[in-house]
Structure formats: C-alpha cells, structure tokens
2 protein chains.
Amino acid sequence: MTACSVRLQIFLQLQAVNKELCSKFEACLGASPSRVEILHYLLEHEEVTQSALQKEVNIDAAAVTRHLKQLEAAGTIVRYKKAEDQRATWVKLEDEAKRHIEQSYQEKSQFVKETLAGFSEAELEQFLQMLSKVSENVSRVTKIELGGEDI
Amino acid sequence: MTACSVRLQIFLQLQAVNKELCSKFEACLGASPSRVEILHYLLEHEEVTQSALQKEVNIDAAAVTRHLKQLEAAGTIVRYKKAEDQRATWVKLEDEAKRHIEQSYQEKSQFVKETLAGFSEAELEQFLQMLSKVSENVSRVTKIELGGEDI
DNA sequence: CATCAATAGTTGATAGGTCAATAATATACT
DNA sequence: AGTATATTATTGACCTATCAACTATTGATG
C-alpha cells in the first residue's frame with residue numbers, strides 16, 4: 001500500500017465511510033437516505049411544495065420529481081395544486097403511510113446512534129464542527145492553482 | 001428548521017459534505033474521485049490486474065470494467081492477458097498518459113489540502129480516527145433492534 | 001482424468017443522481 | 001394591457017454505481 005499523508009487518508013476515508021453508511025442504511029431501513037429524508041420531512045410538515053422539499057433534501061429537482069412520482073404510485077403520498085399558485089405542487093403523506101413511517105423513525109434513530117457509538121458528547125460536537133469546517137472549505141475552493149507542495 | 005440532535009446533524013452533514021466534495025473534486029480535476037483513484041493507482045503500479053485494482057478503489061467489479069473500457073478506448077491505458085492465467089486482465093498506463101496524470105496529482109494534492117485548511121496536524125489525526133471509528137461502527141451494525149430511545 | 005468449486009471478468013437490468021431544455025404559470029415593469 | 005423575467009415542475013439524455021446471471025478459466029479432489 002502506498003504511503004499516504006493523513007490528509008489524503010481523510011479524503012479517502014470520508015468517501016469510504018459515506019458509501020458504507022448509505023448502503024448499510026438502506027439495508028437496515030429498506031430505503032435510501034434520500035428517500036427516508038423525504039418521508040421524514042413530510043411526517044413533520046403536513047404539506048409542503050416540491051421546491052421547498054427539494055431545498056431540504058438537497059438533491060436535484062428532477063430526482064425529487066421522480067421520487068415523488070414513485071411514492072404517489074405506491075399510494076404513500078398525494079400531490080395536488082392549489083388555486084393560489086398553479087405552478088407549485090403540494091405534497092402530503094397519506095394517513096395510512098404515517099404509522100409505518102413513524103416506525104422507521106425509530107429505526108433511523110437507532111441506526112444513527114449505533115454508528116456514532118463510543119463518542120462522547122464533546123467529541124460529537126467537535127466532529128460536527130470539523131465536518132462543517134470542511135464544508136466551508138469545499139465551498140470556497142473554485143479552481144486549483146497548480147504547484148502546491150505535495151501532501 | 002427542525003430541531004435536530006447532534007448525532008443526526010452529523011449524519012446529514014457527512015452526506016452533504018461528501019456530495020459537495022465529490023462534485024467540487026470533479027469540477028476541479030475533470031474526473032470523478034473513482035476515476036482519479038484508478039489512474040493514480042496505475043501511475044504507482046506499472047501493471048496490475050483488474051481484480052487487484054478493484055479491491056483498491058473499492059467499487060464494484062462491473063464499474064471497474066466499464067471505467068477501464070472507456071480509458072482503453074480513449075487510449076489512456078492498455079489491457080492484456082498473460083499466459084500464466086488467462087482469466088486475469090492486466091492493466092497498464094500508456095506512456096503518453098503518464099505525464100498528464102502526474103499533473104493531476106498536483107491538482108489533487110492541492111484540492112485535498114485546501115479542503116482541510118485550518119486544521120492542525122493534531123486535529124487531522126483526530127478527525128481521521130473519528131472517521132475510522134464510524135467506519136467500524138457501521139460495519140458492526142447488522143439489523144436494528146427497534147425501540148431505542150429517541151436521539 | 002473428470003468433475004466440482006473458486007476466481008476473473010463481462011453483460012444486462014435497475015437505481016438514483018446530474019444537467020439542459022421545455023412548458024406553464026406568476027410577477028414586475030413600462 | 002403587454003412584454004420580459006422568475007419560478008416551478010417535468011422530461012430526456014446521460015453517467016456511474018449496484019446486483020445477479022453468465023462465461024471462461026484455473027485449481028482441487030475423488
């Protein structure tokens with residue numbers, strides 16, 4: 001194995017962890033993180049427009065449309081327009097679906113808890129701050145100037 | 001916005017960061033992290049079998065096959081069999097490609113460095129350890145027992 | 001040696017994401 | 001009022017990953 005700097009290892013580990021996390025999550029919950037996010041948001045927000053939902057789950061509007069069409073076809077949600085604004089599509093959970101989704105809340109909580117087992121509250125805070133810092137850094141990066149020293 | 005526990009925020013932030021990171025990475029380097037991993041591994045390993053490569057980059061064998069076919073079609077790599085084992089396919093960079101990939105090494109280094117700006121060496125170590133711990137936790141999770149307290 | 005199992009790679013179906021183009025509606029501005 | 005611009009959602013083309021099924025080859029074992 002190549003000798004890697006800590007930075008590079010972090011970069012790789014971040015991606016590896018995320019992948020494992022998503023695939024395990026789906027195996028445990030029976031739906032992808034995005035799908036679960038959508039459903040949980042709907043559980044907490046009675047009705048919502050697609051665009052608001054899209055901002056929340058942070059995936060492309062096209063992907064949201066496709067998720068919602070599937071959920072509608074499965075009878076999990078209803079979609080409808082309102083007189084005020086004929087552009088917006090509102091989304092709402094079907095009553096029968098709510099109970100099932102409430103249960104998945106528990107599973108998600110438990111999942112998240114187990115993946116972060118062994119961290120003290122202080123460490124969790126710190127971890128979150130680190131992730132936030134990376135996020136800020138990433139959004140600042142635009143185009144790489146070459147010639148930086150090797151990492 | 002919903003009140004979220006720290007744990008849940010971490011979970012969401014982890015995914016968000018990863019997504020931004022991948023998309024910014026591709027914008028800066030002109031290829032996805034997976035693709036760049038493959039090329040960089042090949043730069044360091046003269047020749048390698050697909051299965052060895054696949055273990056390294058940690059994506060599905062099918063995805064590796066497709067990447068390599070594209071790279072071969074683009075003239076970046078060559079693929080060949082050896083007498084010893086007619087199953088294995090060996091992969092090697094074309095000479096002309098090496099120079100270009102060496103340059104992208106610099107870009108990647110710089111990118112990684114910038115995304116981790118503002119961290120002390122001690123913090124980086126700690127960050128890596130935290131990611132590793134999450135990774136271990138994830139691999140331990142198999143099936144969620146319901147009824148855990150809310151997070 | 002013949003068969004059975006393991007390994008390597010490929011392919012097709014599917015999933016879920018992106019972007020770009022488009023349609024319909026609402027809003028803002030002379 | 002009429003036109004330009006915004007917003008909202010949808011669609012199509014594409015990309016990259018997964019899994020399952022398959023082929024070809026090699027190795028192991030009765």
Side-chain angles (χ1 to χ4, degrees), chain A residues 12 15-39 47-74 76-92, chain B residues 15-39 47-74 77-92:
Chain A
L12 296 172
Q15 294 176 301
V17 164
N18 193 257
K19 192 155 80 172
E20 300 166 49
L21 205 57
C22 288
S23 105
K24 228 24 172 311
F25 184 89
E26 179 143 16
C28 289
L29 273 285
S32 69
S34 293
R35 175 69 63 101
V36 171
E37 275 320 298
I38 288 173
L39 293 173
E47 65 173 8
V48 69
T49 63
Q50 287 194 192
S51 69
L53 183 57
Q54 186 246 310
K55 277 157 201 137
E56 197 61 25
V57 297
N58 202 37
I59 54 178
D60 193 87
V64 171
T65 293
R66 284 161 184 145
H67 272 295
L68 295 179
K69 286 189 141 188
Q70 289 175 8
L71 290 170
E72 189 175 41
T76 308
I77 61 165
V78 263
R79 300 198 301 155
Y80 47 91
K81 302 265 182 190
K82 294 191 177 188
E84 316 136 34
D85 190 334
Q86 291 287 325
R87 295 170 300 180
T89 301
W90 292 82
V91 185
K92 186 163 72 167
Chain B
Q15 295 176 77
V17 164
N18 193 257
K19 193 156 83 173
E20 300 166 49
L21 204 57
C22 289
S23 107
K24 230 18 172 319
F25 183 89
E26 178 143 16
C28 289
L29 275 283
S32 69
S34 293
R35 175 69 63 102
V36 171
E37 276 319 298
I38 288 173
L39 293 172
E47 69 173 5
V48 68
T49 64
Q50 287 193 195
S51 68
L53 183 56
Q54 186 245 311
K55 277 156 201 137
E56 197 62 25
V57 296
N58 202 36
I59 55 178
D60 192 88
V64 170
T65 293
R66 285 163 183 142
H67 272 295
L68 295 179
K69 287 189 139 186
Q70 289 175 10
L71 290 170
E72 188 175 41
I77 61 165
V78 262
R79 300 197 301 155
Y80 48 91
K81 302 261 182 194
K82 294 191 178 187
E84 316 136 35
D85 189 335
Q86 291 288 325
R87 294 170 301 182
T89 301
W90 292 81
V91 186
K92 184 164 74 165

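Computed from a predicted structure; not experimentally measured. In what follows, chains carry the letters A, B, and so on, assigned in the order in which the sequence lines appear, proteins first and then strands, with residues in each chain numbered from 1.
- Annotation: salt bridge (charged side-chain N to carboxylate O under 4.0 Å, His left out) contacts involving residues 15-37 of chain B, sequence neighbours excluded, comprise Glu37(B)-Lys108(B).
- In this structure, Cys22(B) and Gln15(A) approach most closely via the heavy-atom pair SG-NE2, 3.5 Å.
- Between Ile77(A) and Leu68(A), the closest heavy-atom pair is CD1-O, 3.4 Å.
- In this entry the distance linking CG of Asp60(A) with P of dA13(D) reads 17 Å, nearest Å.
- Taking each heavy atom of Phe25(B) and Val36(B) in turn, the nearest pair found is CE2-CG2, 3.6 Å.
- For the pair Ile59(A) CD1 and dG17(C) P, the interatomic distance rounds to 5 Å; values are reported in whole Å.
- Taking atom CD on Gln15(A) and atom P on dA17(D), their separation rounds to 11 Å, with Å as the unit.
- Considering only heavy atoms from C-beta on, His67(A) stays 4.5 Å or farther from Val57(A) through its side chain.
- The CZ atom of Arg87(B) sits 10.0 Å away from the NZ atom of Lys81(B) when rounded to the nearest 0.5 Å.
- Taking atom CD of residue Glu84(B) and atom P of nucleotide dT26(D), one finds them 10 Å apart after rounding to whole Å.
- Residue contacts for Ser34(B): at a heavy-atom cut-off of 4.0 Å it reaches the sugar-phosphate backbone alone, with no base atom in range.
- Residue-to-nucleotide contacts include a donor-acceptor pair under 3.5 Å from the side chain of Arg66(A) to the base of dG12(D).
- Closest approach of Arg79(B) and Thr89(B) over heavy atoms only: CB-CG2, 3.9 Å.
- Between Leu53(B) and Val48(B), the closest heavy-atom pair is N-CG2, 4.2 Å.
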Name the pairs: protein N/O against N/O of nucleotides 6-9 of chain D, kept only if under 3.5 Å.
from	atom 1	to	atom 2	distance (Å)
dT7(D)	O4'	Arg87(A)	NH1	3.4
dT7(D)	O2	Arg87(A)	NH1	3.2
dA9(D)	OP1	Gln50(A)	N	3.2
dA9(D)	OP1	Thr89(A)	N	2.7
dA9(D)	OP1	Thr89(A)	O	3.1
dA9(D)	OP2	Ser51(A)	N	2.5
dA9(D)	OP2	Ser51(A)	OG	3.4

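- Taking 90° from 0 as the syn/anti boundary, the base of dA15(C) is oriented anti.
- Within the 4.0 angstrom heavy-atom criterion, no nucleotide atom of any strand lies near Ser23(A).
- Inter-residue side-chain proximity for Leu71(A) and Ile38(A) is flagged as met; some heavy-atom pair is nearer than 4.5 Å.
- Straight-line distance from the CG atom of Asn58(B) to the P atom of dA17(D): 11 Å, rounded to whole Å.
- For the pair Glu37(A) CD and dG16(C) C1', the interatomic distance rounds to 16 Å; values are reported in whole Å.
- Nearest approach of Ala88(A) to Thr49(A), heavy atoms of both residues: CB-CG2, 4.1 Å.
- Atom P of nucleotide dT18(D) and atom NZ of Lys24(A) are separated by 15 Å, given to the nearest angstrom.
- Toward the 5' end of DNA chain D, the nearer of the two residues Lys19(A) and Lys69(A), judged by each one's closest nucleotide, is Lys69(A).
- Atom CD of Glu26(A) and atom C1' of dA15(C) are 9 Å apart (whole Å).
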Reading 5' to 3' and counting Watson-Crick or G-U wobble pairs with both distances under 3.5 Å, write the dot-bracket notation for DNA chain C, | for bases paired outside the strand.
||||||||||||||||||||||||.|||||
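- Each of dG12(C), dA17(D), dG12(D) was ranked by its minimum atom distance to the side chain of Ala62(B); first place goes to dG12(C).
- In this structure, His67(B) does not reach the dC15(D) phosphate: none of its side-chain N or O atoms is under 4.0 Å from OP1 or OP2.
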